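The chains referred to below are lettered A, B, ... by the order of the sequence lines, with proteins before strands, and numbering in each begins at 1. Keep in mind that this is a model prediction, so the values were computed, not measured.
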There are 2 protein chains.
Amino acid sequence: MEMNHALDSLSALAHEGRLQVFRLLVRAGPEGMAAGEIATALQFRANTLSNHLNILAASGLVRALREGRSIRYFAEMQTMRGLLGFLMEDCCGGNAALCQPLLDQIACDCT
Amino acid sequence: MEMNHALDSLSALAHEGRLQVFRLLVRAGPEGMAAGEIATALQFRANTLSNHLNILAASGLVRALREGRSIRYFAEMQTMRGLLGFLMEDCCGGNAALCQPLLDQIACDCT
DNA sequence: CAATCATTTCCATTATTCCTGAATTATGGA
DNA sequence: TCCATAATTCAGGAATAATGGAAATGATTG
């Protein structure tokens, strides 16, 4: 991941509403949730939520899939992993061997 | 970690300058860097950098230690780890057993 | 104590982000 | 086709954050 993508992802998460949405989708796992379900669960107005979902999707943290008249959203663990790798890059001045193997494992197996 | 702390950390990182600072400190490892060194390395004005460092420190992502007339800063891996745990909490609807052991290992051994 | 260096604080300006209401697109069913 | 439902887009004003100059604080040296 490069700087701009990381910034998009971090900015997307640096907002209470969007962070709630993302964590809800993480909990939902591979089943994901429809936009309407999310709105109900978190008590958000439809347009506000749509905006949040757009921002999350643009950063790659969330994926959208139309399903009938609903649109279902999923958390993208791979993006999360990439972000973390970026944050930890060259950890400890090149002794990355200590950290990298751990980072490589960060991904939810159930996704 | 609870919501507000996570938001502080994410907002702190969701800024190009601060993200550069944090990553620089991650690379610097346990030796850390003096504010002046950081300013030189990244070409930041002293006051701008000071502001960034304050924000990072307030979120716990960075720790300050006065050393003579300089102030030395260090990346706090533990905070990073807490943040990640928060983001992945209850991953996949309770099957956290799949993710949690991995998350528990995320910490730079050299810190 | 005076001088100097490192960093921070204060303040005003500029830029960005956020929320809301109203209008719009897209899908499925009668 | 007409209607209802699901979700998105757009424009605005309000709130918030970022920047840079100037002054102030804190620590060391002579």
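Base contact: A46(B) has a heavy atom under 4.0 Å from a base atom. Here A34(A) lies in heavy-atom contact (under 4.0 Å) with sugar-phosphate atoms only. The residue T48(A) sits close to a base: some heavy atom pair falls under 4.0 Å. Nucleic acid contact for R18(A): sugar-phosphate only, since backbone atoms but no base atoms lie under 4.0 Å from a heavy atom of the residue. Residue F44(B) is out of contact with every strand shown, counting any heavy-atom pair closer than 4.0 Å.
A 4.0 Å heavy-atom criterion places the boundary nucleotides of DNA chain C facing chain A at dC18(C) to dG28(C), written 5' to 3'.
Between the P atom of dT5(D) and the CD1 atom of I71(A) lies a distance of 18 Å, rounded to the nearest Å. For the pair Q43(B) CD and dT19(D) P, the computed distance is 15 Å after rounding to whole Å. Separating the CG atom of N47(B) from the P atom of dT25(D) is a distance of 17 Å, rounded to the nearest angstrom. For E16(B) and dA18(D), the CD to C1' distance is 13 Å, given to the nearest whole Å. One can place CG of N51(A) at 17 Å from P of dG12(D), the figure rounded to the nearest angstrom. L65(A) has its CG atom 17 Å from the C1' atom of dT8(D), to the nearest Å. The CG-P distance, from N54(A) to dC10(D), rounds to 10 Å in whole Å.
Within the 4.5 Å cutoff, no side-chain heavy atoms of H15(B) are placed close to those of L10(A).
The side chain of R45(B) contributes an N or O atom lying less than 4.0 Å from OP1 or OP2 of dG21(D).
Remark on DNA chain C: of its neighbouring residues E37(B) and S11(A), the 5'-side contact belongs to E37(B), judged by nearest-heavy-atom nucleotide. Toward the 5′ end of DNA chain D lies the nearest nucleotide of R69(A), the other residue of the pair S50(A) and R69(A) mapping further downstream. Residue L49(B) is the one, among R66(A) and L49(B), whose nearest nucleotide of DNA chain C lies closer to the 5' end (criterion: closest heavy atom).
A continuous path of hydrophobic side-chain contacts links L61(A) to L42(A) [ILVMFWY only; heavy atoms under 4.5 Å].
Considering CG of L53(A) and CG of L25(A), their distance stands at 7.5 Å, rounded to 0.5 Å.
When all heavy atoms of M33(A) and A28(A) are compared, the pair lying nearest together is CG-CB, 3.9 Å.
When each of I55(A), T48(A), N47(A) is checked for a side-chain contact (heavy atoms from CB on, under 4.5 Å) with N51(A), only I55(A) meets the rule.
Comment: R72(B) does not engage E31(B) in a salt bridge, judged by the lack of any side-chain N to carboxylate O separation of less than 4.0 angstrom.
Ring geometry for F44(B) versus H52(B): interplanar angle over 60°, hence perpendicular rather than tilted (30 to 60°).
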